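All values reported here derive from a predicted model rather than from experimental measurement.
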Amino acid sequence: MASWQRTHTCGALRADSIDATVVLNGWIENHRHHGALLFVDVRDRYGVTQVVFQQEFDGALFERARRLGAEDVISVKGVVARREKANAERATGEIEVLARELVVLAEAEPPPFEVLDVAEANEELRMRYRYLDLRRRPLQNALLKRAGFVTAIRNFLAAEGFIDVETPILTKSTPEGARDYLVPSRVNPGTFYALPQSPQIFKQLCMVAGLERYYQIARCFRDEDLRADRQPEFTQIDLEMSFVEEPDVIALVERMVVAGFREGFGIELPQPFPRFDYEDAMARYGCDKPDLRFGMTLIDVSALAARSDFKVFRGAVESGGIVKGICAVGAAEKFSRKGIDELTAFAVARGAKGLAWAKVTQNGVEGSIGKFYEGDKGKELCAAMGASPGDLLLFCADSKKVVHKALGDLRLEVGGKLGLRDQKVFRCCWVLNFPMFEWNEEHARWQFAHNPFSAPVDWDVADFETDTANIRSRAYDFVMNGWELGSGSIRIHKPALQAKVFQFLGITPEQQRANFGFLLDSYRYGGPPHGGIALGVDRLVTLALGMDSIRDVIAFPKTARATDPMSDAPSVVAKAQLDELKIQCSVPPPGTGA
RNA sequence: GGGGGCGUAGCUCAAUUGGUUAGAGUACCGGACUGUCGAUCCGGUGGUUGCGGGUUCGAGUCCCGUCGCCCUCGCCA
């Protein structure tokens, strides 16, 4: 063993090693000069240990140590000693290493930003030097926790008999869904592969193949605009099971997520996860991914509003709309007129025409609707809302769609301002029975609300033509703290039904053949009933660690423009490469000034 | 594609109504210091104010364009 190789990590040494001779390897995190004394903090993945160089012990060694700079990589041999004054904030704070030998393994230029626990540099710079950003403990911790979580998931699924199967990255483009990333085929000029948006069809083929239980930690690609919770490539826990129905998948996934959070993050998730009908979730929370960390549910007061003197309320009901409200408990004093004006603007930005509000006092209700709800009417309203003195009531009157959107978002906004969305609290739920189809305004046609392979709830009665909006699919979403973290369904496994669904959406038999023919064909040879789910790993980890963006839990993420400032991808390629692929660009390469 | 925010020293930021030589902290370099731990103290280097154009006696500041980053709407079966 080379003499510079470490005997301990920088997080390992404690008081029980005093007087031991040790070797540490790591980066210089910080150094403090005190004349004839020099303190150096040495960092590795495991921690930080203080090393002391003393001039009186070895003048030549001391001179060399004086020249050490931030992020130099060193090996230091020394004797463990008890500190004169312990540092309680550090795991190794009771001891220090009295340096006896020093090897500089690599010298570092001053980094473009300081490698601190708190990120001070802007994100673009940090991305350009991602390898330095990743040296920071919070990011290392995120990658460590992510790996631990994924390992726990793998262990769980392996123990449950799931087979890890790799599916193609070079696959076939299909018209539905997100835009595909395309890869030209050199061998077949003029044709293109697509990177998978998900392994959906392949995992279903695994079921036809009789694997029964498939899973994959799968990279997925979607060429859509980015967000804080969206990257062009992302990772899913993808799984599929044969001979199952909704409760089987849900129960398994619930156990898997609980195990993953326990072993990966040390978080105990409250069980069981409540299950909501889609309609119910929309009615109570105004959205299909309810944040259950707090109540403040949407309460329907349409019946009351219908006989109100307040024209906005009565008019909304008379024209077929609804009136709903939320009750922010004890919040009356926390929102000034200006604060309520801001909430109104918030609701208006989401399509509401305005926001009716009232503060509940001992004497009744005061506020924009106060004069319409004096005396008993006010009491009746408060009773309907479950409101007590000190509460703030917010109402929205409009079409069901607008009310749910505005009030659902407002609920989250008010909940956030009241501190009810604690990042350390985790509440999961399932949302079931989604609509099978949704109306696409732009193209004036029905389209899949979930995916083309989700089975309808009722096989026999379903009448797509006459009752389209009410057809439910056997789809289920897994939701945590208001984030959609997983989506799945029981699939159609009978070719006749699949054809019927495609036909209804105007997808011709020719198009079906061209796009999904191999899946439809496979069912002719005995496809078992099956279903599955895919969970977003990046979002799960982001949420568990209380990070703000999925970029914080991805080692090498991309910017909002889908670029990588470090590698400079995507980039112009040589004309010879394009020629070989028989590709011509209709725009000049960027940066040519053309 | 639309809307919003930001862009000044290596980094984080400041700069009055458009007005003197664009400052501070930090990093870096040099010096002092034997118990620090975001050490402290003294001194120093460091600027195409993203880029281009315009208005003006004068632009970091105002106007137009452009580039980049972030948030968001559309989009994401």
Side-chain angles (χ1 to χ4, degrees), chain A residues 29-42 48-57 62 66-67 69-71 81-90 92-93 96 98 108-129 132 174-180 197-198 200-201 220-232 234 349-351 405 409 434-438 440-443 446-454 473 475 484 487 489 501-502 505 507 515-516 534 536 548-549 551 558-561 563 565 590-591 593:
Chain A
E29 177 153 297
N30 192 11
H31 47 92
R32 297 173 290 277
H33 291 249
H34 284 264
L37 199 59
L38 169 61
F39 299 98
V40 174
D41 292 334
V42 182
V48 178
T49 299
Q50 173 166 290
V51 174
V52 188
F53 291 90
Q54 299 147 296
Q55 191 170 40
E56 65 179 10
F57 175 78
F62 187 80
R66 270 171 57 91
R67 291 197 295 273
E71 303 306 322
R82 183 179 297 281
R83 290 200 197 183
E84 290 189 7
K85 209 160 64 186
N87 181 349
E89 288 170 25
R90 235 179 234 177
T92 59
E96 61 193 1
L98 305 177
E109 294 176 21
F113 55 86
E114 294 166 71
V115 182
L116 304 170
D117 283 5
V118 180
E120 289 186 349
N122 79 58
E123 200 174 354
E124 188 190 5
L125 191 78
R126 287 163 46 207
M127 280 173 83
R128 178 166 299 136
Y129 298 93
L132 294 180
T174 53
E176 296 280 338
R179 263 186 295 274
D180 286 322
Q197 296 178 25
S198 78
Q200 183 66 34
I201 293 176
C220 306
F221 306 86
R222 294 178 191 175
D223 185 7
E224 296 292 347
D225 286 351
L226 283 71
R227 290 283 192 285
D229 61 353
R230 255 194 253 162
Q231 283 272 301
F234 58 98
R350 279 150 187 79
K405 171 69 179 161
D409 284 358
F434 279 76
M436 179 100 175
F437 305 105
E438 64 190 12
N440 183 316
E441 294 282 352
E442 190 188 344
H443 298 107
W446 290 97
Q447 64 183 27
F448 293 111
H450 191 250
N451 82 37
F453 315 111
S454 296
S473 82
E484 181 201 317
S487 192
S489 65
V501 171
F502 279 137
L505 291 183
I507 299 170
N515 294 321
F516 314 107
D548 296 319
S549 160
R551 292 188 297 274
K558 291 186 173 56
T559 68
R561 282 287 188 85
T563 65

Provide the closest heavy-atom pair for [X] versus [Y] in the form atom of the first, atom of the second, distance.
X: A/Phe502; Y: A/Pro452; result: CE2-CB, 3.8 Å
X: A/Leu125; Y: A/Pro112; result: CD2-O, 4.0 Å
X: A/Arg227; Y: A/Arg551; result: O-NH1, 4.4 Å
X: A/Leu226; Y: A/Lys558; result: CD2-O, 4.3 Å
X: A/Leu132; Y: A/Pro111; result: CD1-CB, 3.9 Å
X: A/Gln55; Y: A/Phe62; result: N-CD1, 3.4 Å

Partner nucleotide, any strand, of [N] [Watson-Crick/G-U, under 3.5 Å]:
N: B/rA9; result: none
N: B/rA15; result: none
N: B/rU40; result: B/rA32
N: B/rG74; result: none

For [X] and [N], what is the distance between atoms [atom1] and [atom2] respectively, to the nearest whole Å?
X: A/Arg230; N: B/rC70; atom1: CZ; atom2: C1'; value: 15 Å
X: A/Gln231; N: B/rC76; atom1: CD; atom2: C1'; value: 14 Å
X: A/Arg561; N: B/rU72; atom1: CZ; atom2: C1'; value: 15 Å
X: A/Arg551; N: B/rC70; atom1: CZ; atom2: C1'; value: 7 Å
X: A/Lys405; N: B/rG74; atom1: NZ; atom2: P; value: 7 Å
X: A/Glu71; N: B/rC28; atom1: CD; atom2: C1'; value: 14 Å

In whole Å, measure the gap between the [atom1] atoms of [N] and [M] for me.
N: B/rG65; M: B/rU55; atom1: C1'; value: 15 Å
N: B/rA22; M: B/rU8; atom1: C1'; value: 8 Å
N: B/rC63; M: B/rU26; atom1: C1'; value: 36 Å
N: B/rU20; M: B/rC29; atom1: P; value: 34 Å
N: B/rG30; M: B/rG46; atom1: C1'; value: 15 Å
N: B/rU36; M: B/rA32; atom1: C1'; value: 16 Å
N: B/rC70; M: B/rA59; atom1: C1'; value: 27 Å
N: B/rG52; M: B/rG5; atom1: C1'; value: 23 Å

Side-chain donor or acceptor of [X] under 3.5 Å from a matching atom on the base of [N]?
X: A/Arg222; N: B/rC76; answer: no
X: A/Arg227; N: B/rG74; answer: yes
X: A/Asn87; N: B/rC37; answer: yes

| query | How would you label the contact of A/Thr49 with the nucleic acid (heavy atoms, under 4.0 Å): base, sugar-phosphate, or nothing? | reply |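 Here A/Thr49 touches no strand at all.
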
| Any Lys/Arg nitrogen of A/Asp41 or A/Arg32 sitting under 4.0 Å from an Asp/Glu carboxylate oxygen of the other? |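 Here A/Asp41 pairs with A/Arg32 in a salt bridge, since their nearest N and O are under 4.0 Å apart.
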
| query | When you check every protein heavy atom under 4.0 Å of nucleotides 29-36 of chain B, what one-letter string (B, S, -) results, 5' to 3'? | reply | --S-BBBB

| said: For nucleotides 8-13 of chain B, give me one character per nucleotide, 5' to 3': B if any protein heavy atom sits under 4.0 Å from the base, S if the only such contacts are to the sugar-phosphate, - if neither. | reply: --SSS-

| task | Only counting residues at least two apart or in another chain, list the ones meeting side-chain hydrogen bond (donor to acceptor under 3.5 Å, both in side chains) with A/Arg222. | result |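 Expected list: none.
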
| query | Within less than 4.0 Å of OP1 or OP2 of B/rC37, is there a side-chain N or O belonging to A/Thr92? | reply |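 It does not, given that no N or O in the side chain of A/Thr92 lies less than 4.0 Å from OP1 or OP2 of B/rC37.
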
